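First comes the structure, then the notes that go with it.
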Amino acid sequence: MNTYLWTVILGGCLVTIIPRVLPIALLSRVTLNEKLANFLTYLPISILSALIAAELLIVDNHVAFFENAIRLFATLPTLFVAIKKDNLLFTVLTGIITLAALRFISC
Amino acid sequence: MELPRQYILSKQIQNKSTYAHFFQGVKDCIPTIFGYLSIGFTCGVVSKSCGLTFWETIGMSTFIYAGSSQFIAASMILSALSAPSIIFAIFLVNLRHLFMSAALAPYFQRNSFWQNFSIGTLLTDETFVVASSMGIKKSHLSYAWMTGLNLTAYLNWILATGIGVLFGNLIPNYEVFGLDFALTAMFIGLLVSSTKANIALRKSLMIIFSAILILLASTPFVSSNTGVLLAAIGGAFIGTVMKK
């Protein structure tokens with residue numbers, strides 16, 4: 001058994017569980033003030049935007065529009081389907097199929 | 001003493017709805033499965049190429065259960081960096097869950113401490129975004145639903161990384177199938193459905209553009225993980241101070 005690796009795994013377990021558990025376990029016990037409650041309501045939209053932008057516009061820690069052009073193009077039909085139909089599975093499939101088709105055409 | 005008939009009936013309804021909620025959670029996890037499969041698979045391939053065995057990779061997926069942290073840990077293990085420095089890197093990469101966990105807290109106020117503890121341990125980016133976009137519409141989420149969602153995502157992740165380790169060399173270039181876009185597409189779908197919920201559209205758009213701008217502006221100076229964290233906090237903060 002590799003002690004070094006299992007130290008990393010169990011240490012990693014501890015440091016990933018703490019930030020996941022503490023806020024939900026403690027904040028759900030108290031009544032939040034209005035400003036904080038609003039902040040928490042806006043967080044998901046903010047986090048999602050940041051994650052999407054990071055996926056689409058950042059390559060190897062620098063901003064890149066052209067290297068990712070094919071993914072940016074695939075975003076358009078995905079966004080269209082997401083706005084028109086409230087069906088997550090359909091949105092995901094649109095994205096996958098569009099990107100596969102664009103790659104097929106471009107190579 | 002015989003239990004009143006009404007009590008038994010209500011108990012049955014309650015049990016039935018617990019199952020129904022659980023399976024609804026499993027069902028609501030389906031759109032995340034594609035993204036998880038492709039990233040988990042890649043994670044398995046990368047872990048193996050960094051010298052991890054099958055059980056070590058499964059161990060990471062089971063106990064750490066965090067995509068980007070596992071990628072980074074695997075590459076640091078390959079470079080034989082010290083265990084404390086790897087654990088610290090994992091901590092930093094996963095710090096964003098602090099805010100996700102906080103944002104879900106208001107939807108689970110009726111739960112016991114241990115119920116919320118178990119929800120928190122299996123919280124990931126994907127289950128968070130599914131739960132929060134549901135929470136924005138409903139204002140309260142069921143424990144059984146969240147458990148169904150969390151467990152499905154968890155098992156799928158372990159399975160996907162396991163498949164990656166075992167069969168990674170058999171599948172040549174799976175990117176051709178566009179699967180690497182599944183996660184982004186899902187995030188886009190969830191962002192759109194969240195902005196349709198009870199926040200004014202103008203405010204939502206303001207938050208979205210602020211978050212994107214902060215991310216882009218911070219990219220030359222910090223890692224993209226830190227950038228995402230700053231953008232998330234900044235965007236929500238601007239939404240909070242903005243009038244209407």
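In what follows, chains carry the letters A, B, and so on, assigned in the order in which the sequence lines appear, proteins first and then strands, with residues in each chain numbered from 1. These numbers were taken from a predicted model, which means no experiment stands behind them.
With a 4.5 angstrom heavy-atom cutoff, A:Ile58 touches chain B only via side-chain atoms. Of the two parts of B:Phe209, neither the backbone nor the side chain holds a non-hydrogen atom closer than 4.5 Å to a non-hydrogen atom of chain A. Contacts of A:Thr94 with chain B are absent, with no heavy-atom separation under 4.5 Å from either backbone or side chain. Only the backbone of B:Ser112 comes within less than 4.5 Å of a heavy atom in chain A; its side chain stays farther off. Heavy atoms closer than 4.5 Å to chain A are found nowhere in B:Pro220, neither backbone nor side chain. Heavy atoms of A:Leu26 lying under 4.5 Å from chain B belong exclusively to its side chain. Using a 4.5 Å cut-off between heavy atoms, A:Leu36 does not touch chain B at all. Both the backbone and the side chain of A:Leu43 have a heavy atom closer than 4.5 Å to some heavy atom of chain B. With a 4.5 angstrom heavy-atom cutoff, A:Leu93 touches chain B only via side-chain atoms. Heavy atoms closer than 4.5 Å to chain A are found in the side chain of B:Phe34, but not in its backbone. With a 4.5 angstrom heavy-atom cutoff, B:Asn111 touches chain A only via backbone atoms. Interface remark: A:Leu27 contributes backbone and side-chain atoms alike to the contact with chain B (heavy atom separation under 4.5 Å). Proximity to chain A (any heavy atom under 4.5 Å) is shown, for B:Ile64, by both the backbone and the side chain. Heavy atoms of B:Ile214 lying under 4.5 Å from chain A are absent altogether.
Annotation: the span from B:Thr195 atom OG1 to B:Ile207 atom CD1 amounts to 10.5 Å, rounded to 0.5 Å. Taking OG1 from B:Thr147 and CD1 from B:Ile119, the interatomic distance works out to 5.5 Å, rounded to the nearest 0.5 Å. Taken to the nearest 0.5 Å, the CG atom of B:Asn116 stands 5.0 Å off from the CD1 atom of A:Ile24. Residue A:Tyr4 holds its OH atom at 6.0 Å from CG of B:Leu81, rounded to the nearest 0.5 Å. Between A:Lys84 atom NZ and A:Leu79 atom CG the span is 11.5 Å, to the nearest 0.5 Å. Separating the CE atom in B:Met146 from the CG atom in B:Leu122 is a distance of 8.5 Å, to the nearest 0.5 Å.
In this structure, the side chains of B:Val130 and B:Leu149 come closer than 4.5 Å at one or more pairs of heavy atoms. Residues A:Ile70 and A:Ser106 form a side-chain contact, since some pair of their non-hydrogen atoms from C-beta on lies under 4.5 Å apart. Contact of the B:Cys43 side chain with the B:Ser47 side chain is registered, since non-hydrogen atoms from C-beta on lie closer than 4.5 Å. Residues B:Ser194 and A:Leu48 meet the side-chain proximity criterion, which asks for heavy atoms closer than 4.5 Å.
Chain B forms more heavy-atom pairs under 4.5 Å with one residue of A:Leu14, A:Ile17, A:Asn2, A:Thr78 than with any other, namely A:Thr78. Top candidate by heavy-atom pairs under 4.5 Å with chain B, chosen from A:Ala25, A:Gly95, A:Gly11, A:Ser49, is A:Ser49. For the options B:Ile188, B:Val129, B:Leu190, B:Thr53, heavy-atom pairs under 4.5 Å to chain A are most numerous at B:Ile188. With respect to chain B, the highest number of heavy-atom pairs below 4.5 Å among A:Val63, A:Thr75, A:Ile45 belongs to A:Ile45. Ranked by heavy-atom pairs under 4.5 Å with chain B, the first of A:Leu102, A:Asn38, A:Val92, A:Thr91 is A:Val92. The candidate from B:Gln115, B:His97, B:Arg110, B:Met100 with the greatest count of non-hydrogen atom pairs under 4.5 Å with chain A is B:His97. Heavy-atom pairs under 4.5 Å with chain A peak, among B:Thr124, B:Ile212, B:Asp125, B:Thr121, at B:Thr121. Top candidate by heavy-atom pairs under 4.5 Å with chain A, chosen from B:Pro31, B:Ser133, B:Ser101, is B:Ser101. Across B:Ile90, B:Val228, B:Leu191, the residue that shares the most heavy-atom pairs under 4.5 angstrom with chain A is B:Leu191. Chain B forms the most heavy-atom pairs under 4.5 Å with one residue out of A:Leu5, A:Leu57, A:Ile18, A:Thr7, and that residue is A:Leu5. Interface check for chain A: of the options B:Leu216, B:Leu104, B:Val222, the most heavy-atom pairs under 4.5 Å are formed by B:Leu216.
Side chains of B:Thr161 and B:Ser61: a donor-acceptor N/O pair is present below 3.5 angstrom, by distance only. Between the side chains of B:Tyr107 and B:Lys138, no donor N or O sits under 3.5 Å from an acceptor N or O.
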Yes or no on ring pair (Phe, Tyr, Trp, His ring centres under 6.0 Å) for B:Trp157 and B:Tyr154, after CA distance, side-chain angles and deciding distance? CA-CA 5 Å; B:Trp157 177 254; B:Tyr154 187 51; 9.9 Å; no
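Distance alone, capped at 3.5 Å, places no donor-acceptor pair between the A:Lys35 side chain and the B:Thr240 backbone. A:Asn61 places a side-chain N or O within 3.5 Å of a backbone atom of B:Ser224 that can act as its donor or acceptor partner.
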